[in-house]
Amino acid sequence: MNPLARYEPLVDDAAAFRAACDRPLPSVVRVNELAASPGRVREAFAEEGVAYEAVDWHDGLFRLPDGNPGGNWPYVHGWTHGQEEVSVLPGLALDPQPGERVWDACAAPGSKTTQIADAMGDEGTVVANDNNLGRLSALRHNAERLGITNAIVTNQDARNFSMKPLAFDEFDRALVDAPCSCEGTCRKNPDVVDQWTLDHVHAVAGIQKGILARAVQATRPGGTVVYSTCTFAPEENEAVLDHVLAAEDCEVVAFDLPLDTVPGVTEWDGETYDESVTRAHRVYPHHNDTGGFFCAKLRVGGEAGETAADGEEVSA
Ligand SMILES: C[S@@+](CC[C@H](N)C(=O)[O-])C[C@H]1O[C@@H](n2cnc3c(N)ncnc32)[C@H](O)[C@@H]1O
């Protein structure tokens with residue numbers, strides 16, 4: 001079964017969705033503002049004759065039509081990092097602040113860890129965790145190349161993450177950029193479509209629920225947890241939120257993203273989900289010429305937690 005056909009009932013224009021999924025994804029770099037401003041990177045590209053196109057919805061993202069993010073000196077000097085457009089969305093939703101304690105639960109190879117560290121001005125602590133040691137070496141390399149000093153690397157199963165090695169016992173914010181069935185990356189990795197199985201969707205959904213629950217438990221009352229995937233499967237998106245909402249003290253809050261998105265769905269394959277999952281964002285490839293993505297923001301309950309009114313932005 002082609003999984004993309006499965007999601008046609010969810011989109012506004014099935015033909016445009018399928019056509020966008022068949023087009024190769026533009027190559028994109030994010031500016032590492034710890035090293036250079038977007039303006040300085042523009043100058044460097046002009047000096048070196050690198051063709052680029054600024055992404056209009058976010059300062060500091062450049063499309064490279066020649067398709068080689070690493071083949072120029074701004075990259076070699078750690079001024080840029082190859083990161084596709086939708087991949088910056090969880091970091092924007094998380095909105096980490098200098099001096100905070102942030103957990104990146106599934107961090108390798110570190111695109112979002114390095115974006116988070118950049119947003120924090122390299123101040124505070126990012127605990128970059130992944131259960132795959134090989135992928136963590138790529139994360140270490142990226143963090144070193146970009147000049148990041150506020151990241152600690154841990155190698156644990158995030159579902160049972162232990163705070164013991166750390167000097168504190170809760171985070172201000174956590175990101176769960178979860179392992180998933182990845183159909184949203186089909187423009188970059190067409191193989192994901194052939195390798196897709198419903199059994200894998202159900203298996204990985206169990207892992208996602210465990211990791212998101214642990215992220216809520218590890219975050220202070222009133223803190224923020226962001227959940228993201230690059231799959232269109234409601235089983236791995238809204239159903240995971242619905243499960244964790246019932247099991248943990250948290251709520252899904254409304255937030256804005258700077259590109260065209262549609263709300264999370266409340267019904268799929270005979271299941272219904274909590275109405276608040278409509279506050280999550282679905283990103284389809286044909287709306288912004290990007291990869292596919294899903295992003296939700298949760299506020300942890302408890303003493304400092306507040307209730308989010310429908311449509312109201314809640315800052316942590
Ligand atoms: C979507 S990728 C993360 C990409 C990364 N956030 C970035 O921006 O570069 C998902 C990651 O989850 C990791 N992973 C899978 N199961 C995990 C688990 N139980 N605990 C921690 N990490 C896990 C995988 O090794 C993989 O690196």
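Counting starts at 1 for both ligands and their atoms, following the listed order.
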Would you mind checking if R279 and E251 are paired as a salt bridge, meaning a charged N to carboxylate O distance below 4.0 Å? no

Quick one about K112 and S87 (side-chain donor to acceptor, distance below 3.5 Å, no hydrogens or angles considered), yes or no? yes

Note: ligand 1 atoms sitting under 4.0 Å from heavy atoms of P109 are 9 (O)

Taking atom 6 (N) of ligand 1 as the reference point, the nearest protein heavy atom with its distance: D177 OD2, 2.7 Å

So, are R40 and E47 salt-bridged, with charged N and O less than 4.0 Å apart? yes

For ligand 1, which atoms, with element, lie under 4.0 Å from some heavy atom of I211? 18 (C), 19 (N)

Please determine, by modelled atom types, if W268 and E238 share a side-chain donor-acceptor pair under 3.5 angstrom. no

Report yes or no: does a heavy atom of S87 sit under 4.0 Å from some atom of ligand 1? no

Check for a donor-acceptor pair, side chain of R282 on one end and backbone N or O of F232 on the other, with a separation under 3.5 Å. yes

Would you call R30-D118 a salt bridge at under 4.0 Å N-O? yes

Taking atom types as modelled, is there a side-chain donor on H287 or T261 under 3.5 Å from an acceptor on the other? no

Protein contact to atom 24 (C) of ligand 1 [nearest heavy atom, distance to 0.1 Å]: D130 OD1, 3.5 Å

Check each atom of ligand 1 against the heavy atoms of Q156 and keep those under 4.0 Å away; list them by number with element. 20 (N), 21 (C)

Which atoms of ligand 1 sit under 4.0 Å from any heavy atom of G110? 7 (C), 9 (O)

Closest to atom 12 (O) of ligand 1 among protein heavy atoms sits C106 CB, 3.3 Å

Select one of side chain, backbone, both or neither to describe which atoms of C230 lie under 4.0 Å from any atom of ligand 1, heavy atoms only. neither

Quickly, which of D130, N142, D104, D177 forms a side-chain hydrogen bond (donor to acceptor under 3.5 Å, both in side chains) with T113? Name it, please. D104

Before we go on, tell me: are the rings of F293 and H281 under 6.0 Å apart, centre to centre? no

Enumerated ligand 1 atoms positioned under 4.0 Å from heavy atoms of K112: 7 (C), 8 (O)

Distance to 0.1 Å, residue and atom name: give those for the protein heavy atom nearest to atom 20 (N) of ligand 1. A158 N, 2.9 Å

Atoms of ligand 1 less than 4.0 Å from R135 heavy atoms? 2 (S), 25 (O), 26 (C), 27 (O)

Which hydrophobic side chains are connected to L34, either touching it within the sub-4.5 Å cutoff or through other members that do? L146, I148

Report the part of C180 (side chain from C-beta onward, or backbone N, CA, C, O) that has a heavy atom under 4.0 Å from ligand 1; answer both or neither where that applies. neither

Does one side chain, of Q208 or T229, offer a donor that lies under 3.5 Å from an acceptor on the other? no

Answer yes or no for A178: is there a heavy-atom contact with ligand 1 below 4.0 Å? yes

Heavy-atom proximity to atom 19 (N) of ligand 1 ranks first, among I116, T229, D157, for D157

Within 4.0 Å of some non-hydrogen atom of N132, the atoms of ligand 1 are 25 (O)

Which residues end up grouped with F62 if you chain together Ile, Leu, Val, Met, Phe, Trp and Tyr wherever their side-chain heavy atoms are less than 4.5 Å apart? V29, V31, V41, F45, V50, Y52, L64, W73, W79

Please state which protein non-hydrogen atom is closest to atom 15 (C) of ligand 1 and give its distance, to 0.1 Å? P179 CG, 3.4 Å

If you scan protein heavy atoms around atom 18 (C) of ligand 1, the nearest is N131 ND2, 3.5 Å

Quick one: does A105 get a heavy atom under 4.0 Å from ligand 1? yes

